[in-house]
Amino acid sequence: MQVELTAAKPTEVEADVLAMAAGGLGVRKLDALFEGRLARAAASADPVAVVPVTREVRARNIALVKLDAAEPGNLQLAAAQAVRAH
């Protein structure tokens, strides 16, 4: 399994799983494409919610990971949780 961190737009990423911060701006921006499915899934992320993708983006699934802003290294933890969930 290969894990990459990128600053690319979520609509430009081709991947099996695209992991995003559940409460992040990126999720709010993409949610219109998903007709509210991302926001609903992000609200129930404990700590991860996986949303299947049909045609909205190039990734096959989106893993929404709840991040604790007070936790140092939360990006590494989020990546590990997303990998475990998939």
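In this chain, residues are counted from 1 in sequence order.
- Proximity of a side-chain donor or acceptor of K66 to a complementary backbone N or O of A45 within less than 3.5 Å is detected.
- A 4.5 Å side-chain heavy-atom check between L18 and R60 finds every atom pair outside the cut-off.
- For residues 37-53, the salt bridge (charged side-chain N to carboxylate O under 4.0 Å, His left out) pairs, not counting sequence neighbours, are R37-E56.
- Side-chain contact between V17 and I62 is absent, with no heavy atoms from C-beta onward closer than 4.5 Å.
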query: Yes or no on side-chain contact (heavy atoms from CB on, under 4.5 Å) for M20 and L30, after CA distance, side-chain angles and deciding distance?
result: CA-CA 11 Å; M20 300 178 71; L30 271 185; 3.9 Å; yes
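- Inter-residue side-chain proximity for V50 and L64 is flagged as unmet; no heavy-atom pair is nearer than 4.5 Å.
- Sequence neighbours left out, not one pair with a member in residues 19-36 passes salt bridge (charged side-chain N to carboxylate O under 4.0 Å, His left out).
- Every pair passing salt bridge (charged side-chain N to carboxylate O under 4.0 Å, His left out) that includes a residue from residues 1-15 is listed here, sequence neighbours excluded: E14-R58.
- Residues A63 and V48 share a closest heavy-atom pair of CB-CG1, 4.2 Å.
- Between V57 and V13 the shortest side-chain heavy-atom distance does not fall below 4.5 Å.
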